[in-house]
Each structure stands twice: as C-alpha cells, then as structure tokens.
Amino acid sequence: MPPAHALTRDRNFNVFWLGQTFSVLGDAFSLIAVPLLVLQATGSLTMMGVVTAMYGVGGLVAGIIGGPIVDRVDRRKLMIRCDLGRFLVYGSIPVVWTFFGPHLWLIYLVTALGSALAMVFGISYITAVANLVDRSAITEANGRLEVSYAAAYAVGPLLAGLVSHKFGVAAAIGVDAVTFLISAATLSFVRLRRASAERHPEEGGRRQEFLAGVRFLIEHPVFRWLTILTGGLAFASTGITDLLIFFVKEDLGRGDEVVGILFGVASLGSVASGLFVSRMRSRWGFGACFVGGMLLQAAALLAIGVAPGIAALAALTTVFFFGDSTRGVLTMTLRQELTPDYLLGRVTAAFWTVFSVPGPL
C-alpha cells in the first residue's frame, strides 16, 4: 500500500495530526501576540529582542537536558505533560492582565518557561513521528504535518491580529493556552509503537548522555555540515519576525490586523512546501532540494529589505517561508530516517541546541 494511502487510514496518525493542528494554531497566536504584547507594554524594539532572546535561552537550557529525558521516558506521556504545562504558563498572562494589569517580568518568565516546555515537546514530537508511522512514510507524514503547521500559521496570525484588535493581546495568548489543552486531550488517544529495543551502554552520567547526541552529529558527515549550516542561518534569521512586525507597525504605520494578514498570507508558502516536499525529494533528491530551499530564503530576504509595500512584502515572505519549510522538513526527515531510535531524542536535542545557541545573540 502506498504510504499516502496508509496514512489516510492510520487512526493513530490522524488523531495525532488533528491534535497537533490545534497546538500549532495556538503557537501561531503567540508568534504574533507575544511581540505585540511587549510592543504594547514598552513600545521598544529592543525589549522585543530581549523577549526573543529569552525564548532562545529557555530552549537552550531545555535542549541540554531534554534529549536524555526523551530517550528514557514514555514519549507520549511526556508530550501530554508539556502541553498541560504550557496551558498553565500561557494561561497565566490573561489572568494576571485581567486582575493585576500588565507586568513585563511575567512575559519574560512565560517566554522562558514556554520555550523550555516547547523544546522538550518538540524533541518528543520528532521521536513520536518516527515511532508513529513506517519509515517509508516519514517524509509524507512530515509533509502532511507541515501542511497543517503552515495552514495554522496562515489562519492563526490573522485571527491573532483580529482578536488582539478587538479583545486585547492578552486574550489572544489565552486562546493559545486553550489549544495546548486540546492537544493534550488528543494525545491521550494516541498509541506509539514500541521504541527500538536496541540500547547502548551509557557511560559517564548525564553529561555523556547528551554528548552522545553531539558525537553522532559530529561524526556523521552529512549531519555535521547540516548542523553548521543551520546554526549559521539561525544567527542571521532568528530576529526576522520581530523586524517584520516592527517594520509593518512603526515604519509603515499599519495596525495589528495587518501584521496578522501579512503572516497569514506568507504561511501559504509553507503550505505549498508541505504539499510538494515529498515529491520534490523523490524527483530531485535531498541535496538539490535543501540547497534550493536555502537559496530561495537568501534571495527573498535580500529583496524583503527593499520591498516597496505590504503586497510585495507578503509575496517575498511567502517565498522565504517556502524555502524555510522545505529545508526544515527535509532535515527533520533525514534525522528520523538515519538516527537509531535509542539516540533520536539526544540527537534531536543536540541539533536544536546548536540551532538555539546563535539565535538569542
């Protein structure tokens, strides 16, 4: 049976897919809502950058300890606990804003804790997909998940902008919190396949456990260069969302709803990538698609700097998202395919930690 047909009839995958669609819809809300909340409270691009840096720091700390945890515990239960934690963390913002007013320190705390929980959830998510479908269907599964991811980011920012405009930014973050609760509920109905029985003896405690993932990346010739390239790209591109929001709000003088529309339209690039990435890889191979995606990002980013208006900015950001999603899905799939299951959590954590280190800078 072709992988696409097998996935259509796979109850576990479809329930997982549904839950993660809601979860990512919440992430799309916070992508816009948190920077808007900071801008509303401070009016400062610098403070928006500090919050973005806090997000990177939270992910970095969690990435160091998350890999060994994911490889040792029940991955599904860990994902549920991370979702419940994010529900409580993000849910604190609308509660505090309603009864006590704005507090910038809470944004910092929520950003750091939310980032840490998101990192552990993300590591678990990567390993869960590898344990959820056949190896031959991993690219197709990741492509479908990317379509939902992109569709959520097409709708989410638009809704976040409208909710923020009508009910306040804190309310949009409250919607984000509820989606994590929905994700946790759907995960309770998912059953992952038994993880690989293969195990290697651990030496030297927790530090060596984490370093096992780093060693795998360094020793593998393809992953070594992918990690270097991705880390370099993170250094250049982590602040793009903040810059685009600031550009639209301050330089172009547009409202929150226009920010939402911009990111909603641009996410169609990720939708297109998710629909076609499996076929592109089958036709042209990993290398050509990865390099092509990176070149598209570079060209779009150069042009964004001189975009004459919102329409051009949206079109160029769409191209950027297409290249970014294509590169991301291909890299994630390759790790899932080539990494032994007993190491997958640590390798994913090591890769994302290296990705996270340059971002806050």
Worked verdict on L109 versus W105 for side-chain contact (heavy atoms from CB on, under 4.5 Å)
CA-CA 6 Å; L109 181 63; W105 65 266; 4.1 Å; yes

Quiz question: by atom type and distance under 3.5 Å, do the side chains of T326 and S273 form a donor-acceptor pair?
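Indeed, the side chains of T326 and S273 share at least one donor-acceptor pair under 3.5 Å.
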
Minimum side-chain heavy-atom gap [X]-[Y] below 4.5 Å:
{"X": "Q336", "Y": "N142", "answer": "yes"}
{"X": "R254", "Y": "V259", "answer": "no"}
{"X": "L244", "Y": "L313", "answer": "yes"}
{"X": "S92", "Y": "V110", "answer": "yes"}
{"X": "L334", "Y": "F290", "answer": "no"}
{"X": "I245", "Y": "E250", "answer": "no"}

Apply side-chain contact (heavy atoms from CB on, under 4.5 Å) to the pair L37 and W97, showing each step before the final yes or no.
CA-CA 11 Å; L37 196 66; W97 252 243; 3.7 Å; yes

If every non-hydrogen atom of [X] is compared with every non-hydrogen atom of [Y], which pair is closest and at what distance?
{"X": "S124", "Y": "M79", "value": "CB-CG, 3.3 Å"}
{"X": "R86", "Y": "G114", "value": "CD-O, 4.2 Å"}
{"X": "V129", "Y": "A141", "value": "CG1-CB, 4.4 Å"}
{"X": "I93", "Y": "A170", "value": "CG2-CB, 4.2 Å"}
{"X": "L192", "Y": "A128", "value": "CD2-O, 3.8 Å"}

Path from [X] to [Y] over hydrophobic side-chain contacts below 4.5 Å:
{"X": "L88", "Y": "V120", "answer": "yes"}
{"X": "V347", "Y": "L338", "answer": "yes"}
{"X": "I228", "Y": "L226", "answer": "no"}
{"X": "I218", "Y": "W225", "answer": "no"}
{"X": "L344", "Y": "V214", "answer": "no"}

Got a second to check how far [X]'s [atom1] is from [Y]'s [atom2], nearest 0.5 Å?
{"X": "N12", "Y": "N131", "atom1": "CG", "atom2": "CG", "result": "11.5 Å"}
{"X": "L78", "Y": "D83", "atom1": "CG", "atom2": "CG", "result": "10.0 Å"}
{"X": "T186", "Y": "F16", "atom1": "OG1", "atom2": "CZ", "result": "8.5 Å"}
{"X": "D134", "Y": "E140", "atom1": "CG", "atom2": "CD", "result": "12.5 Å"}
{"X": "L132", "Y": "T127", "atom1": "CG", "atom2": "OG1", "result": "10.5 Å"}
{"X": "L330", "Y": "F286", "atom1": "CG", "atom2": "CZ", "result": "5.5 Å"}

Partner residues of Y108 under the ring pair (Phe, Tyr, Trp, His ring centres under 6.0 Å) criterion, sequence neighbours left out:
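Testing Y108 for ring pair (Phe, Tyr, Trp, His ring centres under 6.0 Å), a comparison that skips the adjacent residues, returns none.
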
If the condition is salt bridge (charged side-chain N to carboxylate O under 4.0 Å, His left out), which residues does R281 pass it with, not counting sequence neighbours?
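R281: salt bridge (charged side-chain N to carboxylate O under 4.0 Å, His left out) contacts with E337.
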
What about the rings of F351 and F216, do their centers lie closer together than 6.0 Å?
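Not close enough - the centres of the two rings lie 6.0 Å or further apart.
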
Just distance, no hydrogens or angles: give the donor-acceptor pairs under 3.5 Å from side chains in residues 261-271, sequence neighbours left out.
residue : atom : partner : partner atom : Å
S267    : OG   : Y153    : O            : 2.9
S267    : OG   : F263    : O            : 2.8
S270    : OG   : S325    : OG           : 2.6

If you count the non-hydrogen atoms of other residues, nucleotides and ligands that lie under 6.0 Å from CZ in R76, is the total more than 12?
yes

Are Q297 and L301 close enough, and set up right, to give a side-chain contact (heavy atoms from CB on, under 4.5 Å), and what steps lead you there?
CA-CA 6 Å; Q297 284 185 271; L301 193 57; over 6 Å; no

Can you give each donor-acceptor pair under 3.5 Å made by side-chain atoms of residues 62-69, sequence neighbours left out, with the distance rounded to 0.1 Å?
none

Do the rings of F13 and W17 sit parallel, tilted or perpendicular, given the 30° and 60° boundaries?
tilted

Tell me, with the steps shown, if F223 and T339 meet side-chain contact (heavy atoms from CB on, under 4.5 Å).
CA-CA 10 Å; F223 288 140; T339 306; 4.2 Å; yes

Under 3.5 Å, which donor-acceptor pairs link side chains of residues 302-312 to any protein atom two or more places apart or in another chain?
none

Cluster companions of I182 among Ile, Leu, Val, Met, Phe, Trp, Tyr (side-chain spacing under 4.5 Å)
L18, F22, V178

Please check if the side chain of S282 supplies one atom and the backbone of S278 the other of a donor-acceptor pair under 3.5 Å.
yes

